[in-house]
2 protein chains.
Amino acid sequence: MATGRTHRPATRSRGIPEATVARLPLYLRALTALSERSVPTVSSEELAAAAGVNSAKLRKDFSYLGSYGTRGVGYDVEYLVYQISRELGLTQDWPVVIVGIGNLGAALANYGGFASRGFRVAALIDADPAMAGKPVAGIAVQHTDELEHIIESNGVSIGVIATPAGAAQQVCDRLVAAGVTSILNFAPTVLTVPDGVDVRKVDLSIELQILAFHEQRKAGEETPEAGAPATSGRAAAVAAAAEAAAAADRKGPDGDVPAVMPA
Amino acid sequence: MATGRTHRPATRSRGIPEATVARLPLYLRALTALSERSVPTVSSEELAAAAGVNSAKLRKDFSYLGSYGTRGVGYDVEYLVYQISRELGLTQDWPVVIVGIGNLGAALANYGGFASRGFRVAALIDADPAMAGKPVAGIAVQHTDELEHIIESNGVSIGVIATPAGAAQQVCDRLVAAGVTSILNFAPTVLTVPDGVDVRKVDLSIELQILAFHEQRKAGEETPEAGAPATSGRAAAVAAAAEAAAAADRKGPDGDVPAVMPA
DNA sequence: GGCTGTGAAAGGCTTCACAGCT
DNA sequence: AGCTGTGAAGCCTTTCACAGCC
């Protein structure tokens, strides 16, 4: 999965399991589609199919929120939409900043799914002085120097990092120092944060690598089995690839010119 | 986790747990960085720190691959890089196609992390005739009509979907019919695929929603507890937000003009 | 009759702690 | 002495199956 936490190990908030929290947005999306089509109620079976999970899991998940269904009938769509939104904290407005306005940062700024669900892009920040003032997705890009000021004056608690890997930790430190307590990290680096700060990461290349693993397995289903370590020309075989990968990691989420330079 | 499987339930390939597979790319990245700095060996403790996991987990993970370490010493960096690369299937070349060249598709095409690890962008495909022939990341965009031909003549088995949600299932069906067996889906939809096809999804807005959940929890740590369902004006309160969210979902990963139209 | 809500069972993942090798 | 490899324990998640309510 494109995903994963970095912190907050045992603290299961208000008794809702982390696995359940991760599925609530899925249910919310499916319910929203039903709501749009003015469907008044839905059964666990139907909703589960729409969300791509099985119905027992869905019912168990909902049971952590409370008893919001009616036996023999199903769930009231509008009511559930509200309950899940409230549980996820989407009934309030969350200002977010996006740091690193390269290809990916721009795509994120343009991403409609943010703006809709209570996430308001409060600012776009980039280290390139040439970017400053340029409008991206209708918002003028601001320089990294303004970072602390932007965070504080907008009360931003969620930051998105879309810088090259080399700049990510420094940006992260500055965000945290300025008051950000949740970070969505697109840079291919492990971020170190103090206690109480949540980090989630999205790593595009990791997802592909996981697919490749399964793909390889499918292809090799008839061949007798790869066998023990083929210790032959291993070092040579991998040297070039390793170097290329390392170089790409240094460059960051966008494969081109760094959008944020180390301060 | 920006992430999640959709299929393949019990089939634990060659005995390597799914959770372990998901971490191998992380280890590989950390090892690649060490390899670059010509570090010859590394202990489980050091490597675990670099990858952001704990050392017991890392040792357990590696134990599924074989006994590649040396007691009292640690792991040979180059050797491990090779073993993990091989296990993930990265020693071979994987041609991938990206369908839907909007903001996000373009960002993906430019993403350096793909090209490096054995993933070669074989083609960029978009439904907009005006895009055809335009170069993105040095590759000329091709029209959707060519999809089947491209897949077959390049032997593509991995496809990336970055279209609006409304087009994703149709694109998926065509990819699968043409021979693709692994799909990375950025569109905010549940894809239905036949047995034997793997789907992984990356959903940008879901990650933010999960962060919002924890963020809300932090903020409300002193307040007495939200209490039972605030059944007051719920329907009205949520109607506008729900509509906005639904509209955004229809539009797709990029918040602007659809890049691929339903056929 | 139909569908939710949930104890209980099963399975998977993580952590512990130490035997075993260098 | 140091560090890996791994059984065993503990925890979390999923699935089952049915009691309980409409």
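Letters A, B, ... mirror the listed sequences (proteins, then strands); counts begin at 1. Worth knowing before you read on, the calculation uses all heavy atoms, side chains too, and leaves out hydrogens, waters and symmetry mates.
- Contacts of A:Asn185 classified as side chain to side chain donor-acceptor pair (under 3.5 Å), with partners at least two apart in sequence or in another chain: none.
- Residue pairs meeting the ring-ring contact (aromatic ring centres under 6.0 Å, His included) criterion with at least one partner in residues 28-50 of chain B, sequence neighbours excluded, are absent.
- The side chain to side chain donor-acceptor pair (under 3.5 Å) check on A:Thr181 picks up B:Glu215, with sequence neighbours excluded.
- A:Arg59 meets the salt bridge (Lys or Arg N to Asp or Glu O under 4.0 Å) test with no other residue; sequence neighbours excluded.
- Note: CG (A:Leu47) to C1' (C:dC3) measures 14 Å, nearest angstrom.
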Are there any protein N/O atoms within less than 3.5 Å of an N/O atom in nucleotides 3-8 of chain D, and if so, which ones and at what distance?
| residue | atom | partner | partner atom | Å |
| --- | --- | --- | --- | --- |
| D:dC3 | O4' | B:Gly72 | N | 3.1 |
| D:dC3 | O2 | B:Gly72 | N | 3.4 |
| D:dT4 | OP1 | B:Ser44 | N | 2.6 |
| D:dT4 | OP2 | B:Ser44 | OG | 2.6 |
| D:dT4 | O2 | B:Arg71 | NH1 | 3.2 |
| D:dG5 | OP1 | B:Tyr68 | N | 3.4 |
| D:dG5 | OP1 | B:Gly69 | N | 2.9 |
| D:dG5 | OP2 | B:Tyr75 | OH | 2.8 |
| D:dG5 | O4' | B:Arg71 | NH2 | 3.1 |
| D:dG5 | N7 | B:Arg59 | NE | 3.0 |
| D:dG5 | O6 | B:Arg59 | NE | 3.4 |
| D:dG5 | O6 | B:Arg59 | NH2 | 3.2 |
| D:dG7 | N7 | B:Lys60 | NZ | 3.3 |

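- Contact check, A:Asn54 against D:dT15: a side-chain N or O comes under 4.0 Å of OP1 or OP2.
- Applying the 4.0 Å criterion to OP1 and OP2 of D:dT13, one finds that A:Lys57 has every side-chain N and O outside that range.
- Between B:Ile16 atom CD1 and C:dC13 atom P there is a gap of 12 Å when expressed in whole angstrom units.
- Annotation: A:Tyr79 is not in aromatic contact with A:Tyr82 [ring centroid separation under 6.0 Å not met].
- Summarising the geometry, the separation between CG on B:Leu58 and C1' on C:dT15 is reported as 14 Å, rounded to the nearest angstrom.
- Within the structure, ring-ring contact (aromatic ring centres under 6.0 Å, His included) contacts touching residues 188-209 of chain B (residues at least two apart or in different chains) do not occur.
- Look at CG on B:Leu24: it is 13 Å from P on C:dC13, rounded to the nearest Å.
- Taking atom CD of B:Glu18 as the reference point, atom P of D:dT14 lies 13 Å away to the nearest angstrom.
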